Peer 1: 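Below: one structure in structure tokens.
Bear in mind that the values here come from a model prediction, so they are computed numbers and not experimental data.
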Amino acid sequence: MSIRAYIQDRKDETDRYASRKDFRRIFAEDLDGLYQLSFLLTRDPEKAEQCFVSGLEDCVAGNSVFREWAHSWAKRAIVQNAIRELRPRPSLSNSPASAAIFLDIDRRSSGPANHFAIDAVLGLEDYERFVFVLSVLEHYSQHDCALLLGCSVPEVREAHIRALNDLAHSPHTNRSQNQISVQEKK
């Protein structure tokens, strides 16, 4: 292999990975979305800002990630910083999970189906809020949520049901104009 071919081969290989510049661009272009993720997880503007900035710093520090995955990696960095900051843990609940909760959620949401009042989401307990944001808004699987939060899949499942139940019965649900919508997974 010639030197020129070797250099081109190495350049092609490095072009597949996200650079610091790519991560800075992602954080600049999706500033609102990434900050909203951080705020929904932390429920506190100062902590949200810390998690956002720490997420950017973590990404720019030189992680080797495919360019196509860079945006997901940026979100994950924010999520991991929020988990480290708040350390959400499952609460003990004796109430059995009910499938009826799922039937009621569309009627009780604050607008069209798949919309939730921000105040209602922020009113959830830390662990339930993390599970809701990760599983419903960010489309993480229950298994991925369990790995990130350091708990079991059944604990995530129970928290998911509790969060939906709390949102369905939240006093903020029908009053708030500030809504977040669940995006379809692409």
Peer 1: Using a 3.5 Å distance criterion without hydrogens, assess whether the side chain of T42 forms a donor-acceptor pair with backbone atoms of S38.
Peer 2: yes
Peer 1: For L41 and V79: C-alpha separation, side-chain torsions, deciding distance, then whether side chain to side chain contact (heavy atoms under 4.5 Å, CB included) applies.
Peer 2: CA-CA 8 Å; L41 291 171; V79 167; 3.9 Å; yes
Peer 1: Going from CD1 on I78 to CG on D58, what distance comes out if it is rounded to the nearest 0.5 angstrom?
Peer 2: 10.0 Å
Peer 1: Can you label the angle between the Y35 ring and the F39 ring as parallel, tilted or perpendicular, going by 30° and 60°?
Peer 2: parallel
Peer 1: Tell me whether L34 shares a hydrophobic cluster with W69, the cluster being built from Ile, Leu, Val, Met, Phe, Trp, Tyr side chains joined at under 4.5 Å.
Peer 2: yes
Peer 1: In a check of side chain to side chain contact (heavy atoms under 4.5 Å, CB included) between C51 and each of Q80, R84, E85, E46, which one passes?
Peer 2: E85
Peer 1: Are side-chain heavy atoms of F27 and H71 found at a separation under 4.5 Å?
Peer 2: no
Peer 1: Quick one: closest heavy-atom pair of L124 and R129, and the distance?
Peer 2: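 Scanning both residues completely, I find the closest heavy atoms to be O-NH1, 3.1 Å.
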Peer 1: Any chance you could measure L137, atom CG, to H139, atom NE2, to the nearest 0.5 Å?
Peer 2: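 NE2 of H139 is found 7.5 Å from CG of L137.
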Peer 1: Do you know which two heavy atoms are closest between P88 and I83, and how far apart they sit?
Peer 2: CD-O, 3.8 Å
Peer 1: Kindly give the heavy-atom pair with the smallest separation between Y127 and R162, and that separation in Å.
Peer 2: CD2-NH2, 4.3 Å
Peer 1: Between atom CG of D30 and atom CZ of R25, what is the distance when rounded to the nearest 0.5 Å?
Peer 2: 11.0 Å
Peer 1: Would a 4.5 Å heavy-atom cut-off, applied to side chains only, mark E138 and Y140 as touching?
Peer 2: yes
Peer 1: For a quick check under 3.5 Å, do E57 and S54 share a side-chain donor-acceptor pair by atom type?
Peer 2: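 Checked: E57/S54 side chains show no N/O donor-acceptor pair below 3.5 Å.
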Peer 1: Could you state whether V153 and L148 fall into the same hydrophobic cluster, counting links through intermediate Ile, Leu, Val, Met, Phe, Trp or Tyr residues with side-chain heavy atoms under 4.5 angstrom apart?
Peer 2: no
Peer 1: Considering only heavy atoms from C-beta outward, does the side chain of F52 approach that of L31 to under 4.5 Å?
Peer 2: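 Result yes, sub-4.5 Å side-chain heavy-atom pair found.
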Peer 1: Tell me, do R67 and D22 make a side-chain contact under 4.5 Å, heavy atoms counted?
Peer 2: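 Contact flag for R67/D22 side chains = yes.
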Peer 1: Going by heavy atoms in the side chains, are L37 and K75 under 4.5 Å from each other?
Peer 2: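 They are in contact (side-chain heavy atoms under 4.5 Å apart), so the answer is yes.
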Peer 1: Write down the atom of C145, the atom of V156, and the distance for their closest heavy-atom approach.
Peer 2: CB-CG1, 3.9 Å
Peer 1: To the nearest 0.5 Å, how far apart are CD in Q142 and CD in E158?
Peer 2: 10.5 Å
Peer 1: Check this for me: does any side-chain nitrogen of one of D126 and R43 sit under 4.0 Å from a carboxylate oxygen of the other?
Peer 2: yes
Peer 1: Ignoring hydrogens, what is the shortest heavy-atom contact between F132 and A163? Give both atom names and the distance.
Peer 2: CB-CB, 4.0 Å
Peer 1: In Å, rounded to the nearest 0.5 Å, how long is the span from CZ of R89 to SG of C151?
Peer 2: 7.0 Å
Peer 1: By salt bridge (charged side-chain N to carboxylate O under 4.0 Å, His left out), which residues pair with K47, not counting sequence neighbours?
Peer 2: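 K47 satisfies salt bridge (charged side-chain N to carboxylate O under 4.0 Å, His left out) with no residue once adjacent residues are dropped.
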Peer 1: Heavy-atom distance under 4.5 Å between the side chains of V65 and F23, does that happen here?
Peer 2: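 Sidechains of F23 and V65: in contact.
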Peer 1: In Å and rounded to the nearest 0.5 Å, what is the CG to OG distance from D144 to S135?
Peer 2: 11.0 Å
Peer 1: Test of understanding: clusters of I, L, V, M, F, W, Y form through side-chain heavy atoms closer than 4.5 Å, transitively. Do L147 and L149 belong to the same one?
Peer 2: no
Peer 1: Do the side chains of L40 and V53 join up, straight or via other hydrophobic residues, at under 4.5 Å, putting them in one cluster?
Peer 2: yes
